[in-house]
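Worksheet for the structure shown next.
The model shown is predicted, which means the values in this text are computed figures rather than measured ones.
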Amino acid sequence: ERKLHFPALARIEITQTICYNVLAVALAVLDFGAWAFVAATLVRTVIGALGSVWLSRWKPSWNTEFYRLKGRIRFGMMYQGASTLSWIKDAIIPTLIGMYAGTEGVGYVGWANSLAVWGVLALQPLSRVYFPVFSRLQSDSLALGKFLERILCWANRIVAPISLGVLAVAPTLVHVVYTDKWLPALPLMYLLSFANAFAASAGPCMSLLNAIGKSGWNLAMTAIWMAMTWFVGMIAIPQYGILGFGIANIATSLTGVIPLFLAYKHAPFHFLSPILVPWGIAGGCALPIGYLVRSGWFGVGIPSLAVPVAIFASSYLIISFSVFRRSILRDINLVRKQRI
């Protein structure tokens, strides 16, 4: 990944995905129940490990140069510590939600969260690229800041239309795709979508801090998010049920501005335009579509979902290209040159 050798990574991950889904479905059909997921996850992990070792042409061996650990052990502990705290933060779902809203509430939260994070999940391919590039630019704060600014612009161009587009067509999307039994979780999905919107900007900044060796800040931010989620959740969930989880996530997400200022301290960049303009364009396109969807103007069935999505997507792309035409063409040409 650090060498930007993504074709090899793609082969590994495609193989993992195919094996996981085929095995999980096959075992589920054979009545293995939840163990189908356990076995599929185990196989996917083994395939990923073996494939990585094989394609990288790396042979595991003993190494006694312990002095190399001195500069890395502290970074590694903080980096892994952030993952542990994130796991503790997410443990609020099966504990507090399960305690006060039961298994049905846990299901609603899981469904609402999976729908709300569509925009954030779309950033994963981009995040695979910008972290190693941040690492390569860590000694040049000026170039690092310019690259972060471009990443923030693209991240918000991606997350804003997906997040607000889902909100605009949410009632029809649930009715057509998921069925009406999930409608009680829609208000929670709205809250979680608001909370996840901050990840478009906080995520790249956190990645930059990791890339320049400031994993302690990531650990501190994760600790803040964990504490905020549990503190607000313990107050709001008993009173508001699953909506309390959304309230806790909103309160936590508001601290997402902190990584922006931490990143700015080490790599100055412009952050208002790359963030606000894409959300303004997406919001301007989503509001009328959302109003027409809720008024039943698009009818029923699959066309009632496909038509507003097509109108929203085309209008957003046209307006965005007209506003960001120069920077979009510049980045496309840069990528084409890199491929050549």
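Put simply, CG on Leu148 and CZ on Phe269 are 4.5 Å apart, with the number rounded to the nearest 0.5 Å. Rounded to the nearest 0.5 angstrom, Trp217 CH2 and Met221 CE are separated by 9.5 Å. Rounded to the nearest 0.5 angstrom, Leu142 CG and Leu137 CG are separated by 10.5 Å. Rounding to the nearest 0.5 Å places CZ of Arg325 at 14.5 Å from OG of Ser320. Atom OG of Ser52 and atom CG of Leu9 lie 7.0 Å apart (nearest 0.5 Å). One finds the CG atom of Asn218 at 8.5 Å from the OG atom of Ser207 (value rounded to the nearest 0.5 Å).
Between Leu260 and Ser201, some side-chain heavy-atom pair lies under the 4.5 Å cut-off. The shortest side-chain heavy-atom distance between Ile235 and Phe231 falls under the 4.5 Å cut-off. Under the 4.5 Å side-chain criterion, counting only non-hydrogen atoms from C-beta, Trp118 is not in contact with Ser193. You'll find the side chain of Thr172 stays beyond 4.5 Å of the side chain of Phe298, heavy atoms only. Taking the side chain as every heavy atom from C-beta outward, Arg157 and Ser327 approach each other to under 4.5 Å. A heavy-atom distance below 4.5 Å is found between the side chains of Tyr100 and Leu96. Side chains of Leu167 and Phe194 form no contact here, defined as non-hydrogen atoms less than 4.5 Å apart. For the pair Met226 and Ser86, the minimum side-chain heavy-atom distance is 4.5 Å or more.
Proximity of a side-chain donor or acceptor of Asp180 to a complementary backbone N or O of Leu183 within less than 3.5 Å is not detected. For Arg294 (side chain) and Ala168 (main-chain N/O), a donor-acceptor pair under 3.5 Å exists by modelled atom type.
In this structure, Tyr20 and Phe37 have tilted ring planes: the angle between them lies in the 30° to 60° band. Relative orientation of the Tyr316 and Phe312 rings is parallel, given thresholds of 30° and 60° on the angle between their planes.
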| Could you walk me through whether Trp297 and Ser304 pass the side-chain contact (heavy atoms from CB on, under 4.5 Å) check? | CA-CA 8 Å; Trp297 197 82; Ser304 67; over 6 Å; no
| task | Applying side chain to side chain donor-acceptor pair (under 3.5 Å), run through Trp225 and Thr255 and close with a yes or a no. | result | CA-CA 8 Å; Trp225 291 337; Thr255 62; 2.7 Å; yes
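The number of heavy-atom neighbours closer than 6.0 Å to CZ of Phe321, taken from other residues, nucleotides and ligands shown, is above 12. Residue-environment remark: NZ (Lys89) exceeds the threshold of 12 foreign heavy atoms within 6.0 Å. At most 12 non-hydrogen atoms from other residues, nucleotides or ligands lie less than 6.0 angstrom from OH of Tyr240. Within 6.0 Å of atom CZ in Phe131, more than 12 heavy atoms from other residues, nucleotides or ligands are found, so the atom counts as buried in its surroundings. Surrounding CH2 of Trp154 are more than 12 heavy atoms belonging to other residues, nucleotides or ligands, all under 6.0 Å away. For CD1 of Ile302, the number of neighbouring non-hydrogen atoms (other residues, nucleotides, ligands) closer than 6.0 Å is 12 at most. Other residues, nucleotides and ligands contribute more than 12 heavy atoms inside 6.0 Å of the NE2 atom of His266.
Stacking of Arg57 on the aromatic ring of Trp54 is recorded, both the 6.0 Å distance cut-off and the 45° axial limit being met.
In terms of heavy atoms, Leu191 sits closest to Leu243 at CD1-O, 3.8 Å. In terms of heavy atoms, Ala39 sits closest to Leu27 at CB-CD1, 3.6 Å. Of all the heavy atoms in Thr222 and Ala82, the pair that sits closest is CG2-O, 3.2 Å. The minimum heavy-atom distance between Gly256 and Ala202, with the atom names listed, is O-CB, 3.7 Å.
A chain of hydrophobic side-chain contacts below 4.5 Å, direct or via other Ile, Leu, Val, Met, Phe, Trp or Tyr residues, connects Tyr190 to Leu254. Criterion: ILVMFWY side-chain heavy atoms under 4.5 Å apart, direct or through other members. Under it, Met77 and Trp87 are not part of a common hydrophobic cluster. Linking ILVMFWY residues whenever their side-chain heavy atoms come closer than 4.5 Å, directly or via other members, places Val159 and Leu276 in the same cluster. With hydrophobic clusters built from ILVMFWY side chains whose heavy atoms lie under 4.5 angstrom apart, Tyr291 shares a cluster with Val307.
A donor-acceptor pair shorter than 3.5 Å cannot be found between the side chains of Arg44 and Thr15. Side-chain contact, Thr229 with Asn249: no donor N or O sits under 3.5 Å from an acceptor N or O.
Here the two rings, on Tyr178 and Trp111, have centers that are under 6.0 Å apart.
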